[in-house]
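Reminder, nothing fancy here: chain letters follow the sequence lines and each chain counts from 1.
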Amino acid sequence: MTTRTVRVRFAPSPTGGLHLGGVRTALFNYLFAKKHKGTFVLRIEDTDQTRFVAGAEQYILDCLDWCGILPDEGPHVEGKFSPYRQSERKASYRKYANQLVASGFAYYAFDTPEELGKMREAFKSESNPSPQYNSKVRMQMKNSLSLDKEIVNELIDKNTPYVIRIKMPNNEEVKLNDLIRGEVVFNTDQVDDKVLLKADGMPTYHLAVVVDDHEMEITHAFRGEEWLPSSPVHVLLWDYLGWKDSMPDWAHLPLILKPDGQGKLSKRDGDRLGFPVFAMDWMDPKTGELTKGFKEMGFLPEAFINMLALLGWNDGSGEEIFDKETLAERFTIDRIHKGGAKFDFEKAKWFNQEWIKKSTSEKLLPYVVHQLTKLTIELDEEKLLPIITLVKDRCQLLNDFVPQIIYFFKDPETIDTASIQTKWDENKSIFFNDWISNLEELTSWDAMSIETHFKEKATASGIKTGELQLPFRIMLVGAKFGPTVFEIAAIIGKESTIRRINHVLKMLQQ
RNA sequence: GGCCCGUUGGUCAAUCGGUUAAGACGCCUCCCUUUCACGGAGGAAUGAGGGGUUCGAUUCCCCUACGGGCUACCA
């Protein structure tokens, strides 16, 4: 089985924003495929017509594209295994569902939702709060196992809605060799007769995942741990359909948990704690509600996938900053954790900061320009490159570039005079007035010359240069942050420097 | 309730029977810098509990506790 060419799939449901856990699943698929020179497939699991959301499929593609992990096959690249949307593969599922009925592994069930509800009510007890449709009750329900053949035929002839359910065997052990967890054993009595084909003719996940993984020749199936309890159904189906020998190896990924409390991370947690959960901004077409994404929050895609890869996996080296290629080289399933990991937004930001520091200013330029275009300022892109070099160590998110850069192009709007006022005196006022009126002495306007000149004058005036640098910074930047003042002065130019000094000098006189 | 999975500092985590139990994030102290960062040097902080197995258990087994997942004609 493992000698087959690796084919993996990411199979999201197009129902809304792409959750970080989904991206991680996609990423692990991608890395595994790259490592083994295999194929990464995107399959759209849109079998629930009631949950269809317009634009969600394109959005998923956009997210994967942004992350740089676009699949080799999928609805965006038609190929040998087209179509890749389950809604377009309907015929196939019905065929296999019928085959299962014919071979006695599945049956028709005519119970209405109301009847199902009644059954659950009737069998509900303290010791069994959620009764299942299983071997214990199925003979009391309306299905092709409990009903006479003629009645079944009659019901079908009269177009009575029905579903097809798998007939779970009695008291059998189903073993699954999970690549992450090892052997997991289930007793078939514990799992119910899952619906395989719904009344609307669409398959449920259980049937679709098996049929498609088979037809698309998937060799390794990654999915979240929440699927583990239903995996015996899938294993049985692979067997019943006669495909047992080509069943993919399963790998159930640990969940990504809330930072506080417990449970898996949800969109609500992000809203509540102020961080994104989706890869990119998601606008719900029905409600118009916008949910923030990592991209728009100022993350570099490299940092985002780097962070995700290290959530539940590590290569044991202690290194943490990896590019996509290195990740693909080092990725192995046996180093994926079993336990869930709580998401830590602080650490996520740290990854982004590392990637910003690591990136060249040229690479950062388009991102920064994008941030800056949100502002209405005159941009001189030529000037931008050296500025980025100067400030990038101070940015954790791409959005941080805005406050770090804006004062290079625009006089500060607010001046933090409070932090210099207490130590301000007439001598300092005189110094700055003298200094700006003597600036023509400066033949070249560069950081070094400005600094030298500034310090000479300071020494001459008898004031420690250190005591003058903070006021100078406040004058140019408006607050206590940013690179060396002299670099700032050099870039904004002599005129702006003088104008900003005069402006603050006036404020201080009042 | 039942079934399944899991459990090393606040968080991510290394260790694959013998270590002073790595490293990272965050936090704290100091240095650099009279800004903010970056960088550097330190610090506090961890094996859920109980039984075994073993000369020796964080590591292997069992029980308990705790956490999570599933228990839909949703995925």
* Gap between atom NZ of A:Lys158 and atom CD1 of A:Ile156 - 0.5 Å precision -> 12.0 Å
* Taking CG from A:Asp315 and P from B:A13, how many angstroms apart are they, rounded to a whole number? -> 13 Å
* Asked: Considering only B:C5, B:C12, B:A75, which nucleotide approaches the side chain of A:Ala341 most closely?
  -> B:C12
* To do: Would you please indicate if the ring centroids of A:Phe481 and A:Tyr407 are separated by under 6.0 Å?
  => yes
* For the side chain of A:Asp344, starting at C-beta, report the closest nucleotide among B:C73, B:C4, B:U11. => B:U11
* **Touch class at under 4.0 angstrom, heavy-atom based, for A:Val477 against every strand present** => nothing
* Asked: Under a 3.5 Å cut-off for both distances, is B:A45 Watson-Crick or wobble paired, and to whom?
  -> none
* Asked: Rounded to whole angstrom units, what separation is found between the NZ atom of A:Lys264 and the P atom of B:C74?
  -> 16 Å
* Structure fact -> Regarding the side chain of A:Leu255, the nearest nucleotide among B:G1, B:C73, B:G69 is B:G69
* Structure fact -> The answer to which of A:Gln396 and A:Asp393 contacts RNA chain B further toward the 5' end, by nearest nucleotide, is A:Gln396
* Could you give the distance separating B:G23 and B:A45 at their C1' atoms, to the nearest angstrom? => 15 Å
* Asked: What nucleotide among B:A75, B:U11, B:A14 has an atom nearest to a side-chain atom of A:Lys342?
  -> B:U11
* Asked: In whole angstrom, what separates A:Phe486's CZ from B:U33's C1'?
  -> 13 Å
* To do: Determine the Euclidean distance between corresponding P atoms of B:U53 and B:U59; express it in Å to zero decimal places.
  => 15 Å
* Asked: What is the nucleic acid contact for A:Thr484, judged by heavy atoms within less than 4.0 Å: base, sugar-phosphate only, or nothing?
  -> base
* Asked: To the nearest Å, how far apart are A:Asp260 CG and B:C12 P?
  -> 13 Å
* Rounding to the closest angstrom, what is the interatomic distance between B:A75 and B:U71 at atom P? -> 11 Å
* What is the nucleic acid contact for A:Lys349, judged by heavy atoms within less than 4.0 Å: base, sugar-phosphate only, or nothing? -> nothing
* Structure fact -> Rounded to whole Å, the CZ-C1' distance (A:Arg223 to B:C70) equals 12 Å
* Asked: Within the structure shown, what part of the strands sits under 4.0 Å from A:Arg335 by heavy-atom distance: base, sugar-phosphate, or nothing?
  -> sugar-phosphate
* Asked: Could you state the CE-C1' distance from A:Met307 to B:A13, rounded to the nearest angstrom?
  -> 16 Å
* Asked: Where is the tightest heavy-atom contact between A:Lys167 and A:Leu145, given as atom of each residue plus distance?
  -> CD-CD2, 4.0 Å
* What nucleic acid atoms does A:Arg181 come within less than 4.0 Å of, heavy atoms only: base, sugar-phosphate, or nothing? -> sugar-phosphate
* Name the nucleic acid region contacted by A:Glu346, choosing base, sugar-phosphate or nothing; use a 4.0 angstrom heavy-atom cut-off, strictly under. => sugar-phosphate
* How far apart are the closest heavy atoms of A:Leu311 and A:Lys342, and which atoms are they? -> CD1-O, 4.3 Å
* Asked: Reckon A:Asp111 touches a base, only the sugar-phosphate, or nothing at all at heavy-atom distances under 4.0 Å?
  -> base
* **Over all atoms of both residues, closest heavy-atom pair of A:Val53 and A:Thr15** => CG2-O, 3.3 Å
* To do: Could you work out the separation of B:U20 and B:U34 based on their P atoms and round it to a whole Å?
  => 44 Å
* Structure fact -> Considering only heavy side-chain atoms of A:Lys194, the closest of B:U71, B:A75, B:U35 is B:U71
* If you measure from the P atom in B:C38 to the same atom in B:U29, how many Å do you get, rounded? -> 15 Å
* Remember a base hit wins even if backbone is also touched, and classify A:Ser130 as base, sugar-phosphate or nothing at under 4.0 Å, heavy atoms. => base
* **Watson-Crick or G-U counterpart of B:C70, or none if no pair lies under 3.5 Å** => B:G2
* Asked: Checking side-chain hydrogen bond (donor to acceptor under 3.5 Å, both in side chains) for the pair A:Asn29/A:Arg9: CA distance, chi angles, key distance, verdict?
  -> CA-CA 7 Å; A:Asn29 271 288; A:Arg9 82 310 195 256; 5.7 Å; no
* Quick one: look up who B:C36 pairs with, Watson-Crick or G-U, both distances under 3.5 Å, and put none if it's unpaired. => none
* A:Lys198, nearest nucleotide to its side chain (from B:C74, B:G69, B:A72) -> B:C74
* B:U8 versus B:A24 - spacing of their C1' atoms, nearest Å -> 15 Å
* Taking the C1' atom of each, how far is B:G47 from B:G9, in whole Å? -> 10 Å
* Step through it carefully: locate the ring centre of A:Phe222, locate the ring centre of A:Phe10, and say whether they are under 6.0 Å apart. => no
* To do: Could you tell me whether A:Gly482 contacts a base, only the sugar-phosphate backbone, or nothing, with contacts defined as non-hydrogen atoms closer than 4.0 Å?
  => base
* Look at the side chain of A:Glu320 and decide which nucleotide, out of B:G23, B:A75, B:A37, has an atom nearest to it. => B:G23
* To do: Grab the NZ-C1' distance between A:Lys118 and B:A72 for me, whole Å please.
  => 19 Å
* To do: Pick base, sugar-phosphate or nothing for A:Gly312, based on heavy-atom distances below 4.0 Å to the nucleic acid.
  => sugar-phosphate
* Output the distance between atom CD (A:Glu115) and atom OG1 (A:Thr112), rounded to the nearest 0.5 Å. => 3.5 Å
* Asked: When the distance from CE of A:Met202 to P of B:C73 is rounded to whole Å, what number comes out?
  -> 17 Å
* Base, sugar-phosphate alone, or nothing: which one does A:Ala199 contact when heavy atoms must sit under 4.0 Å apart? -> base
* Just checking A:Phe186: base, sugar-phosphate only, or nothing, at a heavy-atom cut-off of under 4.0 Å? -> sugar-phosphate
* Do any side-chain nitrogens or oxygens of A:Thr47 fall under 4.0 Å of OP1 or OP2 in B:A75? -> yes
* To do: Determine the contact category for A:Pro113: base if any of its heavy atoms lies under 4.0 Å from a base atom, sugar-phosphate if only primed atoms, P, OP1 or OP2 are that close, otherwise nothing.
  => base
* Using a cut-off of less than 4.0 Å, is there contact between a side-chain N or O of A:His337 and OP1 or OP2 of B:A14? -> yes
* Could you please name the option among B:C25, B:C38, B:A75 that lies closest to any side-chain atom of A:Gln353? => B:C38
* Using the P atom in both, what is the distance from B:C12 to B:A72, to the nearest Å? -> 30 Å
* Of the nucleotides B:C12, B:A72, B:C73, which has the atom closest to the A:Lys347 side chain? -> B:C12
* Considering only side-chain heavy atoms of A:Trp350, which listed nucleotide, B:U35, B:A72, B:C25, is closest? -> B:C25
* **Pair of N/O donor and acceptor under 3.5 Å linking B:C36 base with A:Arg394 side chain** => yes
* To do: Name the nucleic acid region contacted by A:His252, choosing base, sugar-phosphate or nothing; use a 4.0 angstrom heavy-atom cut-off, strictly under.
  => nothing
* **Shortest non-hydrogen separation from A:Glu225 to A:Pro254 and the atoms involved** => OE1-CA, 3.9 Å
